[in-house]
Every structure is written in C-alpha cells, then in structure tokens.
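Down below is the structure, laid out as structure tokens.
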Amino acid sequence: MLTEIEPTLPSHNEMVAHMLQSDASYNGKFITAVKTTGIYCLPSCRARKPKPENVEFFHNPNAAQGAGYRACKLCRPDDFYRGFDPEEHLTEQLIESVLAQPAAFGDVKAMAQAAGVGQTKLFELMRVYYHTTPADLLLHARIEAACALLLNSDQTIIAIANEVGFDSLSSFNENFRKQTLLTPSDYRRIPETGHFSLSLPSDYPSRQILGQLGRDPVSLTDRVVDQTWLSTCRLNGQTGVLLSVTINQNHAECSIVEQPTLTPSDYATIHQHIVAGLGLRNDPSRFEAHVAKSPALLPLIEQQRGLRMPLVHNPFDALVWAILGQQISLAVAYRLRQRLTALAGQPLINDFYLAPTPSAVAELSIEQLLPLGFSNSKARYLIDTAQAIVAGTLPLASYGSKSATRIERELLALRGIGPWTAQYVLMRSFGFSDCVPVGDSGLTSSLQAFFQLEQRPDRSTTLALMAAFSPYRSLATFHLWQRLKPM
C-alpha cells in the first residue's frame, strides 16, 4: 500500500536544510524551485546550491510548473515522480550485464564504454546507486562467477580463472581468498566434508563479533556458546541446516551440524551466510584510513580498529527484525521475534528453528499475533509486508543486483516501512556502505556524546554530522552504536 503524501509541507527551514544536504530521503516530499534560473529540482539534486532566499518550495512538479518553472535536466524530477530514474536504470542494466558476464568487461574503462558514459561519471553513478566503486563491483562479480563454476563444473582452477576474466592464476588466487577467506581448492572441497576453515584477518575483533551474534538471549535461530556461533540457515523454501562456527585464533572453523543431502547452491548459501554473519563481506581498512585523516573523527576508531559489522544474509529476516524493532526496547523486540519464530518458523534440531518465511508470515492473522504481545499496527505491517513479497509487489529475492535507491524506494512504498527501517535493511542485510538510519535513538545518543553536543541531534543535524563519514556512513553508524556499550 502506497504511503499517502502529507497534506502540508515541512517547515521552510527544514526544507532549506534538506536541500543544502542533497537529502534523497526527502525526494517526493517537496520540490525546490530556484527563482533566478526558473528551474525546479528534487531535494537530492547535486547541482550547485542556490541561496536560500532565491528558492521557493512546492508539493509536486505540477505545482512548480503552474508557477512557471521547468524541470531540472540533472536530477530529472518528473522522471522521479513517474517512478523512473534514467541514471538508476542505466546503472542497473550495466550491473546486470557485469554480473552475467564479468569476463566481457576487461576493466573500468570497458564498463564505462558499455554504459555510454565517462569513467568519472561511472564512478559517481556507482557511488550513488551501489555505494561502491566500479572496480570493486567488477571484482566481486568475477569471484561470484568463479564460486559458481567451482561448485558446478569440473573445469580446472586456471580455466575458471580465465573464464571469469583474470589474467593470471596468482591474481585470481589472491583476490578469491580476500573475498571468500578460502583458497579456490578449499572452496571446491566444501561439499566433500561439509566443513571449511576461514582465514580471518589479523585484526579480526572476535570478541565484539561474538557479542553481537549472541546479543539476543532468547533467540531460537542463533546462539553463542563460548567461542562458537550456532546459527540456522534456510537453504530454500522448505529446508535448512544448523551451522557451527568456532573462532580459534585467526581461523573460523565452520561445519554443518547434521549433513543432509544438499545441492551446490546450498553450499554457496551456507558459505555466504557465515561470511555475512561474521562481518567479513567488507574490509574496514578504507573507512579507517578515511577517518584517520581527521583529528576530530579519529577517536571513533582508536579503540575499535578492525571492527566489522555482522550482516543478516537473508533480507526477509532483517526486514522482520527491523519491523519488530520499531519504537520498542531491544528486550521487547527479542521476545516478539522469539514468539514469532516459535509460531511461524520451522523446528530444526536441538531446540533451534529456521526463521519464518514470507509465505508463513503472510498466512498469519492479526488475531494470532495480538496475544503474543504485538500491537495491532505492528502485526498488520508485518503481515502486509510478507503478503507483498508473496504477491511479487515487493520482489525481495531479486534485490541482489538492484540499486540502493530502488530497494529503498520500493520498501518505502509499503505501509509501516519508513526511512529508518529501509536504511537499516540496506546496511544490515544488503551491505550498502553509505547508509544512515536517521531517527535511531542509539545513533543520536552516541553522536551527542562523541561530538559533545548539548542535546541530541535532530534529523538535519544527524545528516550534517554523518556527512563527514561518507561514503562509509554504515560502518560509522555501527562504530557509534558500539561506543554505547562498555569496552
């Protein structure tokens, strides 16, 4: 269900602030019109900012056109209001091509030529829509394609390296190990034993990661015992496994507790589940180098170098958690998730459950959830979201190759999902690196303490403060959350 447009505009000062910050989360809430140029724009427009006294604001493009303004050719507000962003479409098409045939793109220059843009423009598009660089995405696509070939073919490793676009076996081995934490040979052998050992970075913060993974004391899907993370992983719509991950010095020993009959794609899912959960999908070194350039920001990482953010591999699990966690304490949210899992999840072994699927939640009624402590609205939001996924109006399973802007827009179109929920899912499941869950109480409390503010920052101040951490605001948010806990 689409969110209705607010009948009144935000305050003038608020709109000026969001315009100056190029705040994309306010796209659709107002139009900025510049008196000196006669042009109207989205709040997110990256064109040179006009003086505040030279702008006026409208509800939508029709109102701006009625006042004699014409659309900006840079941010294309009319396309946005029609639900179409040509640059987003162009970038998504390119990424789909790269993921399908990474060897067809020799380098970033080839990617830019295929998209019909210059390399500088391509870097900008990748930053805005995917929060990454063209080179990083191309490398990721090559390794992902290699993983599929290692599990599904008998080709030699050198043949696979050539097929996915690597010029040398040494380069392939080095990059494969960086992304998967395994050698190609060890990755290929996972189906033989159901066990693999990930080589962890030397600065890996095992104590903090295990603390995060075991923070929910009543979870039916995840548990930490000493140095071992036990986690259930759904492999398809019907089955799943219990995984055991023991962190021992610089290795994570991973195994399947009971080995059922699995497919090659199942083993790939198991590996991805563990790598995501251990926070190993992204290297924090660039973020730390970025922060280290500023004496004012450096204290954020001094006691937390190497910190990584655990991700939830299944987007629906992350979305459920975000909906449950809206405007309630963690303890209450944990209890609601436990009760939902017991009601709609699938019993596995040793008192562990697989998390509920969208179809299982979609079949629930509000009356079933109210006795479990759900509010009427939270129950409705949860069921509506699951039903949208089942109906295909929220194609969550297809979002692996989609842009952050598209995913956020389609999430926000659902009743009960606001900017905080959308940003949380983007950063904690899809792994986008430049998200800010504005309105998060933990974030605002930590920002207040870190920057020694007299009061908690409001939305505009939060965005202004977090801008210093861009394009790594997701990890900066996680660092700020961790500062609230005893070191």
Side-chain angles (χ1 to χ4, degrees), residues 181 190 194-198 200 204-236 238-249 251-260 262 266-267 269-281 307-325 328-357 360-361 372-373 424 428-429 478 481-482 485-486:
L181 290 305
I190 292 175
H195 174 270
F196 53 95
S197 179
L198 301 178
L200 300 176
Y204 186 74
S206 57
R207 180 177 62 84
Q208 291 96 324
I209 297 296
L210 288 170
Q212 275 288 306
L213 296 172
R215 68 191 185 280
D216 180 352
V218 296
S219 174
L220 298 177
T221 60
D222 294 87
R223 193 176 304 158
V224 170
V225 180
D226 296 327
Q227 296 296 109
T228 299
W229 169 42
L230 297 166
S231 179
T232 62
C233 173
R234 185 173 289 281
L235 301 174
N236 51 53
Q238 302 298 323
T239 65
V241 292
L242 176 63
L243 305 174
S244 173
V245 182
T246 300
I247 297 179
N248 182 13
Q249 295 182 341
H251 288 83
E253 303 297 333
C254 313
S255 60
I256 303 170
V257 174
E258 289 188 4
Q259 176 95 2
L262 302 177
D266 290 336
Y267 289 107
T269 298
I270 289 169
H271 175 265
Q272 292 163 4
H273 178 97
I274 293 174
V275 168
L278 294 179
L280 294 167
R281 273 190 19 195
L307 184 65
R308 295 163 178 267
M309 180 167 59
L311 302 180
V312 179
H313 179 247
N314 187 315
F316 183 64
D317 294 346
L319 186 52
V320 167
W321 169 248
I323 292 173
L324 296 185
I328 59 175
S329 70
L330 278 175
V332 175
Y334 291 150
R335 184 62 64 183
L336 290 180
R337 181 165 61 175
Q338 179 203 44
R339 293 168 180 169
L340 177 68
T341 303
L343 175 67
Q346 181 180 340
L348 199 56
I349 58 173
N350 300 338
D351 298 322
F352 280 91
Y353 281 68
L354 294 173
T357 63
V361 176
L372 304 183
Y424 183 90
R428 292 307 300 267
S429 184
F478 191 66
W481 281 339
Q482 298 307 299
K485 302 177 180 179

Would you say [X] and [Y] make side-chain contact, with heavy atoms under 4.5 Å?
X    : Y    : answer
L198 : H271 : yes
L330 : D216 : no
L372 : L340 : no
R308 : Y204 : yes
P310 : F478 : yes
I190 : I270 : no

Exercise. Mark yes or no for whether T221, through its side chain, and T232, through its backbone, hold a donor-acceptor pair below 3.5 Å.
Key: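 Side chain of T221 to backbone of T232: no pair is present.
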Exercise. Could you check whether the rings of W481 and Y424 sit parallel, tilted or perpendicular, using 30° and 60° as the cut-offs?
Key: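 Tilted.
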Nearest heavy-atom pair of [X] and [Y]: which atoms, and what distance?
X    : Y    : result
P315 : S429 : CA-OG, 3.2 Å
A333 : G325 : CB-CA, 4.1 Å
P356 : G345 : CG-N, 3.8 Å
L243 : H273 : CD1-CD2, 3.8 Å
V332 : I328 : CG1-CD1, 3.9 Å
H251 : S197 : CD2-OG, 3.4 Å

Exercise. Go through the structure and list residues passing ring-ring contact (aromatic ring centres under 6.0 Å, His included) with H313, not counting sequence neighbours.
Key: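 Residues passing ring-ring contact (aromatic ring centres under 6.0 Å, His included) with H313: none at all.
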Output the distance between atom [atom1] ([X]) and atom [atom2] ([Y]), rounded to the nearest 0.5 Å.
X    : Y    : atom1 : atom2 : answer
R234 : T239 : CZ    : OG1   : 8.0 Å
L354 : C233 : CG    : SG    : 8.5 Å
D266 : L235 : CG    : CG    : 4.5 Å
R428 : D317 : CZ    : CG    : 13.0 Å
I209 : I247 : CD1   : CD1   : 7.5 Å
F352 : S219 : CZ    : OG    : 8.0 Å

Quiz item: Strictly under 6.0 Å, is that where the ring centroids of W321 and F316 end up?
Solution: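 Here the rings of F316 and W321 have centres that are no less than 6.0 Å from each other.
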Quiz item: Without hydrogens or angle criteria, can the side chains of T246 and Q227 be said to hold a donor-acceptor pair below 3.5 Å?
Solution: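 Judged by distance alone, the side chains do not pair up.
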Quiz item: Pick from V245, D222, L278: which one makes a side-chain contact (heavy atoms from CB on, under 4.5 Å) with L213?
Solution: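 Between L213 and the candidates, side-chain contact (heavy atoms from CB on, under 4.5 Å) is satisfied uniquely by L278.
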